[in-house]
Asks: 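Got a structure for you, written out below as structure tokens; questions coming shortly.
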Amino acid sequence: MAYKRPRPPSPTGSQKRSRPSQCYVKCGTPMSLDVDGDDQAFVPVWKQIVTDEHGRRRLHGAFTGGFSAGYFNTVGSKEGWTPKAFVSSRSRRNKDQSSLATQRPEDFMDDEDFADAAESRQLETDQNFAGIGATGESEGARDDFFGLMTTEDETMGVKLMQKMGWRRGEGIGPRVRRSARLDDDKEGTVSMTSESEQLFAPKDTHIKFFTPRKLKCSGLGYQSDAYPLLKPSDSEVKPRVSPALLSIEGVSKHPKPMKPAVKRTGMGVGVLNDNGSDDEDPYELGPRISFNRTIGKDKKAKNPSTIKPSKFAKVSTGQRHMFVPQKHISRTSSSVARLCHDGRSPLRAFKLLTITDGFESRHKLPPPKVPGAWRSSKQVPGSGARAQSFQSVADAARSSTLDAKGRATVLGEKALPGKSIFDYISKEDRDLLAAKTGKNLPPGLGQPLPKQNKTRGVTQPNDLWTWVPALDKGIAAAALSKGTTGWMPYGEDSKKRARYTSFLEVRAGLKDGLPERVPGTTNADWAQELREFAQAAQVFKPVQGLMASRFTSSTSSTPSAHPGSGSGPSENTLLRAPTTKPDDPAETAAKLGMYGAMTRTAVPFHPTRILCKRFNVKPPPNILYESEFGTSASSKTQEPVSKAAMDQMFHEAMTAGSVMQYPLFMTPQAKGSALFSSAEHAPVDSETNEALLKERAPDDVFRALFGDDDDN
Amino acid sequence: MPRFPTRPIARLGGHNGIVHVVAYSSGSSDFILTGSSDRTIRLFNISRAPVDSKVPNAGLVKKFSAHGHEVLSIAVSQGNDKFISTGGDKTVFFWDVATAQTLRTWRGHGGRVNACAFGGEDESVVVTGSWDGTVKIWDVKSNNPKPIITLNDAKDSISDVCVFDADIISGSVDGRVRHYDLRMGMCNIDAIGHPVTSLAVTKKGTETLVSSLDSTVRLMDRDNGQLLKAYRDESFVNTDLKIKSTLGLNDSVVVSGSDNGMVYAWDLLEGEVLHKFNHSERQEVKGKKPSAPTSGKKDVVSAVAFCKTRQEWASGGGDGDVIVWGAE
């Protein structure tokens, strides 16, 4: 929303200095209400600034030539004004109050209000909240004058404790009889006058919370110094703490053990921020009084030999869980008996645990031992050896000695229907090739099948002959001759067709031995196929005359016979070259120059009436067909379309296709005289019907056409 | 038999492309209409265009330009006042000669229209044959924009059409000549065996002259389709282009252009080559061999026309010139 401060459209009277006479009385000084110095005084238009909802200036020099394109000066928002429905009727009057009630306070809030509202929703704890006793924060703020500022309200825990007799600054626990400590600052000079022993409250010590330590597990490639070092800053920058808190001071300030400083500079970490302990949690709360503000000062401090066992170090060594060389430990432990957190020495026969950092402290459990006799249930029995000597597919393929055919036989694939070159090569050529190459080549043309087929076929010839169904020799020969000249079954399966031929040859007496069979089939299957062949030979034996011309040999898609190969017996060259489209006899005659009756073809032609009229010829007789229906067909344009279309169709049916265009000599007889009788001006005798009176065709013609093939 | 005209008497130039068709005017045949691949039809006065004229466009009477494609055929009406022209724009134009305006246009062919002819009594129909394999017959008398009949028997492009009496003859690239006999209502289809490029009918109407792409011109008997005579020459080449052949001198000679720029004249009865002419050189070629067996598109003689009244004929070719050959 663009902001345009509401300003008076004209200078107010007080600002109109040109006319001071209007204002006679002036009480006080006019005060600007706005804090930002923007009183709602009149500002000339050219001085006014339009800002958007973010206070950014818009319309930079809009009135001097430039402008900010967009919606910034129009309606103030991308969506424009939102229309609101206003409904008010006599019965249901839309009161002003109700319409006002629809407005929300957000409608009147600007960005700052929204920001305030959003801020007020943020949940945070009260600054004065404290748990039982003192919080860590207040502990840290106890030193110096920060403690003065500390305001600690009495929490419920404190109140309870106070009711139980506890006072601030005292420790918790039974009272201890000891002499008074007159000087708290000097811990070492404790006067041990036994006569003035009184009961005192125990020392105020922190309860130690054994929080789970953060294990510093680093990832791969983490370069760490082999030896963790003592933090030298601890001994140098030592805060002044009360002696009562001394034993746990280190813990509270350094909850985690120090790692040796690895000089790294990360993004956003300046020199001053770098306190030499990069591994420290950067989000750690607490006073960072251990900032190393001196560059290069830690050099000599890094040397562990320079560390002197001070009195502070003595106390804090064990509590700060740091790795200290053994000599240090021995020295410190021998010199100073370490105390528990409540200031007492540990019980007899007990020893304070010295926790050293590092991975060596975490003893690792070895993986469980697998019993020797154990066997996985997942393992495939017998595959153990294979799994041991794993071979990739490429290696296996390389080491394999099988060729494509060998693999096919291993896999049990059927041979492809395509023919090999040896199907067209004569035996001599094949032998020559085999001798030249020295390979085991498949048999050539007309050669017996390989041994395994032969042996299987020859083993029991006498038994197998019983499987071969009987077929009349004549029928077999006829079917065979039909196959060589014309149509033959099993055109889609050349191998089966070859077996069929072989069966026919056997039955026709052209060949000795058993018919071919598919290698690997059972005798029953073979016999079944042979029976099928016998039936097919019965069915597909050649028919005479017209019937034979209606069938043509199916053409095979496999490549035709190799032209260069030796010409084999006719029974093996069943695959013929695809027959070319039969030439039009008229065209062939014309090519031969036999013009005349051979080349002339007559087809009926149906001129339209209007054409004949234009040529002034008497319409031919076959146009009567048209004029019968349309007696008033004087004009071509008025003729019904259906008749013209019918005429066209009839004409097309007569003339379409070169196959239908019979030479002239066979036209009238072959096509039937009834249809084209008009062309010959044949006198129509209504009394007789030649088609009915014609002699019946011989019976064998009908039998050949429609008779059952099985009955003869 | 009158002497065959062998001397060029006129040269009709000005075409910017191959001359596809040459047509004598009817009547006295004093004018020649030429159609060219430059999309114009020009009307020439033969007598005003001598061979050695230096004047450009000598003898040009009128220019007819309406075609958007090449002009492939022209047929002049008997009255000499109208003519039709067809071409590559699938359209048949019916012209008025005097005003050089198109009176009618017929559209309906699916391809370029290769041939046209007047037909019917008083030339009341126009027969056109097209590349789309159809012969369409248009009615001049009525305002019917559609053809009277469409003969779509041909399996290939129609290359030429002729009308004799009540017979419509069409030659097609599918190697057949179809005789549509309106009186009998029969269509006699003669197979030639090679793509037919030109048709002509004798005056008696009993024979047709058929050019085909086996470099042969044949005279066919129309009654029974028998071959009466075949006209060939060892140098006569017609294997690729649509070459016009015609009959002349009272049907005593056969004249045909050729693919190699020569014009051949055969004796109709004997079948002997009478004359050979080199079109572009405008001279007769004596001897067995043509003077320069030139090759190239420019040297084709695609159109020949014989004057019906005088001993005169014209040849048009790839060089854009039309040469009129006369006896004198």
Side-chain angles (χ1 to χ4, degrees), chain A residues 583-626 635-639 644 647-648 651-652 654-658 660-664 667 676 678-681, chain B residues 119-127 137-155 163 165-168 174-194 210 212 214 216 218-228 230:
Chain A
D583 277 343
D584 192 6
E587 201 142 330
T588 49
K591 288 256 169 64
L592 292 170
M594 300 161 66
Y595 293 101
M598 294 284 283
T599 58
R600 170 147 289 198
T601 312
V603 294
F605 162 58
H606 303 270
T608 53
R609 250 185 90 86
I610 185 75
L611 185 63
C612 297
K613 190 185 171 192
R614 288 281 178 265
F615 276 88
N616 196 18
V617 296
K618 187 168 170 260
N622 52 358
I623 209 168
L624 290 174
Y625 172 79
E626 180 194 25
S635 169
K636 169 72 180 172
T637 52
Q638 289 166 2
E639 277 177 1
D647 177 51
Q648 185 71 26
H651 178 63
E652 276 174 6
M654 288 302 109
T655 60
S658 62
M660 297 293 290
Q661 291 173 1
Y662 296 97
L664 189 64
T667 302
F676 306 114
S678 58
E680 302 171 3
H681 301 278
Chain B
E121 195 180 34
D122 299 332
E123 293 175 334
S124 52
V125 295
V126 170
V127 182
I137 300 172
W138 314 86
D139 197 352
V140 179
K141 291 263 171 85
S142 78
N143 255 337
N144 189 7
K146 290 186 173 173
I148 297 174
I149 193 171
T150 300
L151 313 172
N152 47 11
D153 303 321
K155 307 296 184 299
V163 177
D165 193 17
D167 291 357
I168 298 165
D174 64 356
R176 281 179 171 79
V177 177
R178 291 174 172 83
H179 307 262
Y180 295 94
D181 193 343
L182 291 183
R183 287 198 175 84
M184 303 296 288
M186 288 297 286
C187 175
N188 291 324
I189 303 172
D190 282 344
I192 302 300
H194 299 277
V210 180
S212 60
D214 55 346
T216 309
R218 290 184 177 86
L219 190 69
M220 311 293 292
D221 195 334
R222 282 197 58 210
D223 287 337
N224 50 17
Q226 282 180 348
L227 176 71
L228 298 176

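So that the names make sense, note that chain A is the first sequence line, chain B the second, and so on, each numbered from 1. Computed from a prediction, not measured in an experiment: that's the story for all the values here.
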Asks: Can you see which heavy atom on A:A590 is nearest to which on B:G193, and at what distance?
Replies: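 Closest heavy-atom pair between A:A590 and B:G193: CB-N, 3.7 Å.
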Asks: Below 4.5 Å from any heavy atom of chain A, which atoms of B:D165 appear? Answer side chain, backbone, both or neither.
Replies: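 Just its backbone gets close to chain A.
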Asks: Between B:R176 and A:E587, is the side chain to side chain contact (heavy atoms under 4.5 Å, CB included) condition met? List the steps.
Replies: CA-CA 9 Å; B:R176 281 179 171 79; A:E587 201 142 330; 3.1 Å; yes
Asks: Check for a donor-acceptor pair, side chain of A:R614 on one end and backbone N or O of B:D122 on the other, with a separation under 3.5 Å.
Replies: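 Here the side-chain-to-backbone pair does not exist.
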Asks: Go through B:K146, B:H179, B:R222, B:E123 and name the one with the most non-hydrogen pairs under 4.5 angstrom from chain A.
Replies: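 With the most close heavy-atom pairs to chain A, the winner is B:R222.
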Asks: Taking all non-hydrogen atoms of both residues into account, name the closest pair between B:D181 and A:F605 and its distance.
Replies: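 For B:D181 and A:F605, the tightest heavy-atom pair comes out as O-CD2, 3.7 Å.
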Asks: I would like to know whether A:Y595 and B:N224 meet side chain to side chain contact (heavy atoms under 4.5 Å, CB included); could you show each step before the answer?
Replies: CA-CA 9 Å; A:Y595 293 101; B:N224 50 17; over 6 Å; no
Asks: What's the spacing between B:I149 CD1 and A:T608 OG1 if we round to 0.5 Å?
Replies: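 Here the interatomic distance stands at 4.5 Å.
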Asks: Which bit of B:I137 comes within less than 4.5 Å of chain A, counting heavy atoms only: side chain, backbone, both or neither?
Replies: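 The side chain, not the backbone.
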Asks: Measure across B:A166 and A:V617 and return the closest heavy-atom pair with its distance rounded to 0.1 Å.
Replies: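 Answer, listing the atom of B:A166 first, then A:V617: CB-CG1, 3.2 Å.
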Asks: If you take all heavy atoms of B:D223 and A:R600, which pair is closest and at what distance?
Replies: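 Between these two residues, the closest heavy atoms are O-NH1, 2.7 Å.
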Asks: Please classify the contact of B:V163 with chain A as side chain, backbone, both or neither, using a heavy-atom distance under 4.5 Å.
Replies: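 Just the side chain, heavy atoms under 4.5 Å.
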Asks: Can you list the steps and then say if B:E121 with A:K613 is a side chain to side chain contact (heavy atoms under 4.5 Å, CB included)?
Replies: CA-CA 9 Å; B:E121 195 180 34; A:K613 190 185 171 192; over 6 Å; no
Asks: Which pair of non-hydrogen atoms, one from A:T599 and one from B:G225, has the smallest distance, and what is that distance?
Replies: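 That closest heavy-atom pairing would be OG1-O, 3.9 Å.
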Asks: Highest number of heavy-atom pairs under 4.5 Å with chain A: which of B:S124, B:G175, B:A230?
Replies: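 Highest number of heavy-atom pairs under 4.5 Å: B:S124.
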Asks: Any idea which of B:V177, B:D174, B:D214, B:D190 has the most non-hydrogen atom pairs under 4.5 angstrom with chain A?
Replies: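 When all of B:V177, B:D174, B:D214, B:D190 are compared, B:D190 has the most.
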